[in-house]
Chemist: 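First the structure, then my questions, so here it is.
In this chain, numbering begins with 1 at the start of the sequence shown.
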Amino acid sequence: MNSQDSVLVSNVPMLKPNEFEIIKQYMLLTDYGLWEVVEHGPSVPEPAVAGAPPKSDADKKRKQTEMKALSTLLLVIPNEYQHQFCTCPDAKSLWNALEKRFSGTKSSKRNQKALLKQQYENFTSTKNASMTQTFDRFNKLIGELANVDVKMEKDEVNRKLLRSLSEEWTMYTVSFRQGDDLEDKELEDLYNDLRIFEVEVEAKRRPTGYSHTIALYSSENPSSNINTASTANTNPATSRPDIMFAVCVCARFQVRPKESHLHAVKRIFKYLKGQPKLGLWYPNDSSFDLVAYTDSDYGGANLDRKSTLGGCQFLGGRLVSWQCKKQTTVSQSTTEAEYIAASQCCSQVLWIQNQMQDYGLSFLQTPIYIDNNSAISIVNNPVKHSKTKHIEIKYHLIRDCNEKKLIQVQKVHTDDQYADLFTKAFDVGRFIFLVTSVGMMNSE
């Protein structure tokens, strides 16, 4: 047996009930000559004397192929069924016996088809699974559906794969889902296009200061005209956006904290004790539109001079998502810091747009408010390569989204920049104004 034959034998799948067609597909794809022998039977005439070897070289080669086909079929049979098929003289008779035993009844085939359809509907990427692992699972499921005569359009299959990916893929899948080429694109081509971004997605799975949780507080007043809901999340940094910045700053020193950091944490708890009923409220009389605010504190971190980015997203005037994070690189200008913050905010907006599409809601040209004219100019005019070539490529996603009309950047006065709440500390008056502006109220 040569090396090619050994590879073929080692990869042959084990036969299981209701998966009979998989063996046929395997032989068709790996060695069509084997399947011809199985389908048409022996091609070497029986010798005049029983047990005599073939005479010509061609007959010897055909005899070797027949023995290879027979041995391949014997390998796929589970051990507990081997004794039932040991008397079959050739590959064709063995195949007919296997088909009768493992092809299943009409009822079992119908149940198998229903089960596979259910698995397809519920398919999703598992936690921390790579793109390759998710694609292999999905591609195997599509192959099994094809074996039971379930036909699906390319567009449907491609969109299902995009919907099944984890949250970190959202900013990339939105542009694919809104494209016009999914109905003609092969599944493997889509997989190869997505693999380009796999390194960036894996980097995003590291712990960050971001929170996508919608935090709501319930009203104890039955006559209130405000629609509210309660959250089971008790994490203060998630359910209390007013302390988001303070908590994130303290978290930077959690590895080697000092006494000054302990005093800062105590002040946070004193503030929470003084405002126990402060929470987010969601009125029912506002328009249902999506807007976002983004800002940065240039060089705000005193130790490494990295900037702090902040952002918040409102759905119908209701704060639904907010972010606070120290940037991973040192920005060389205020414009660069604002531009990077705007790009991160754009990624969050794309995630919300993607989620809303599942409910039949489409938010295009979502306004992102920035208080820096230079950053807005870079987004709207991508020709300024000499000014932005030092910025990492991944942050230029906002340009592409702006050109595709997914978002639009707009100028806002610094006094009305609500994202300031998540980037820096303020005096009491400014702090109370920002807390009120994002929709936080006392339930008393």
Side-chain angles (χ1 to χ4, degrees), residues 25 112-205 212 214 288-290 292 313 315 320-321 343 346-366 394 397-408:
Q25 295 294 331
Q112 179 71 5
K113 181 183 293 187
L115 179 62
L116 290 174
K117 286 183 177 180
Q118 186 66 32
Q119 292 178 359
Y120 174 81
E121 293 296 330
N122 298 333
F123 182 86
T124 184
S125 176
T126 57
K127 185 178 181 181
N128 297 327
S130 65
M131 179 65 204
T132 302
Q133 293 172 338
T134 302
F135 174 76
D136 289 343
R137 288 177 50 236
F138 185 75
N139 195 34
K140 180 181 179 182
L141 180 58
I142 296 300
E144 293 175 350
L145 287 169
N147 290 333
V148 294
D149 299 328
V150 177
K151 298 181 179 180
M152 292 177 291
E153 300 293 334
K154 293 181 180 179
D155 182 75
E156 177 188 354
V157 174
N158 291 333
R159 293 186 182 277
K160 176 61 179 178
L161 176 61
L162 294 174
R163 291 194 304 268
S164 303
L165 297 179
S166 59
E167 176 184 321
E168 292 84 3
W169 284 94
T170 302
M171 61 182 291
Y172 306 103
T173 58
V174 168
S175 57
F176 281 101
R177 290 175 64 178
Q178 295 182 349
D180 300 329
D181 59 340
L182 285 181
E183 57 186 15
D184 300 322
K185 186 183 289 291
E186 296 291 339
L187 185 61
E188 291 188 358
D189 294 336
L190 177 62
Y191 164 66
N192 292 328
D193 292 342
L194 290 171
R195 285 193 63 188
I196 299 175
F197 309 102
E198 189 169 10
V199 176
E200 297 181 17
V201 172
E202 292 298 328
K204 288 185 178 182
R205 288 179 175 173
H212 298 310
I214 299 178
F288 199 69
D289 53 358
L290 178 62
Q313 293 76 37
L315 190 60
V320 295
S321 181
S343 179
C346 176
S347 301
Q348 181 66 9
V349 169
L350 293 179
W351 180 82
I352 296 176
Q353 289 178 345
N354 191 36
Q355 297 299 312
M356 292 297 101
Q357 282 186 351
D358 294 337
Y359 298 95
L361 301 174
S362 178
F363 294 100
L364 299 179
Q365 295 186 329
T366 300
K394 63 181 180 180
L397 170 73
I398 189 172
R399 289 179 176 176
D400 183 62
C401 295
N402 186 62
E403 292 178 357
K404 292 180 178 179
K405 307 299 182 183
L406 297 177
I407 57 100
Q408 56 177 342

Chemist: Indicate yes or no for a side-chain donor-acceptor contact from K160 to the backbone of E121 under 3.5 Å, with no hydrogens or angles considered.
Modeler: yes

Chemist: Quickly, which of E186, E183, E188 forms a salt bridge (charged side-chain N to carboxylate O under 4.0 Å, His left out) with K154? Name it, please.
Modeler: E186

Chemist: Does the side chain of M356 reach to within under 4.5 Å of the side chain of L290, using non-hydrogen atoms?
Modeler: no

Chemist: I'd like to know if the side chain of T134 pairs up with that of S125 as donor and acceptor (distance under 3.5 Å, no hydrogens or angles considered).
Modeler: yes

Chemist: Residues two or more places apart in sequence or in another chain: which of them pass side chain to side chain contact (heavy atoms under 4.5 Å, CB included) with D400?
Modeler: K404

Chemist: Say you draw a straight line from CD1 of I407 to CD1 of I398; how long is it, rounded to the nearest 0.5 Å?
Modeler: 4.5 Å

Chemist: To the nearest 0.5 Å, how far apart are CZ in F363 and CG in L315?
Modeler: 5.0 Å

Chemist: About how many Å separate CG of L397 and CG of L350, when rounded to the nearest 0.5 Å?
Modeler: 6.0 Å

Chemist: When the ring planes of F123 and F138 are compared, do they come out parallel, tilted or perpendicular, using 30° and 60° as the limits?
Modeler: tilted

Chemist: Take Y120 and E156, measure what side chain to side chain contact (heavy atoms under 4.5 Å, CB included) needs, and give me the verdict at the end.
Modeler: CA-CA 11 Å; Y120 174 81; E156 177 188 354; 3.7 Å; yes

Chemist: Strictly distance-based, threshold 3.5 Å: is any side-chain N or O of N158 a donor or acceptor partner for the main-chain N or O of L190?
Modeler: no

Chemist: Atom CZ of F135 and atom CG of L194: how far apart are they, to the nearest 0.5 Å?
Modeler: 10.0 Å

Chemist: For the CG atom of N354 and the CG atom of L162, what is their distance to the nearest 0.5 Å?
Modeler: 9.0 Å

Chemist: With sequence neighbours excluded, what pairs up with D289 under the side chain to side chain contact (heavy atoms under 4.5 Å, CB included) test?
Modeler: S287

Chemist: As an exercise, state the distance from CG of L161 to CZ of R163, rounded to the nearest 0.5 Å.
Modeler: 10.0 Å

Chemist: Evaluate side chain to side chain contact (heavy atoms under 4.5 Å, CB included) for M152 paired with I142, printing each intermediate quantity in order.
Modeler: CA-CA 9 Å; M152 292 177 291; I142 296 300; 3.6 Å; yes

Chemist: Run the side chain to side chain contact (heavy atoms under 4.5 Å, CB included) check on F197 and M131 step by step: do they pass?
Modeler: CA-CA 10 Å; F197 309 102; M131 179 65 204; over 6 Å; no

Chemist: Check Q353, Q408, K405 against T366 for a side-chain hydrogen bond (donor to acceptor under 3.5 Å, both in side chains) and give me the one that passes.
Modeler: Q353

Chemist: Under the side chain to side chain contact (heavy atoms under 4.5 Å, CB included) rule, what do T132 and E198 come out as? Steps first, then yes or no, please.
Modeler: CA-CA 9 Å; T132 302; E198 189 169 10; 4.2 Å; yes

Chemist: I want to check something: taking the side chain as every heavy atom from C-beta on, are D136 and K140 in contact at a cut-off of under 4.5 Å?
Modeler: no

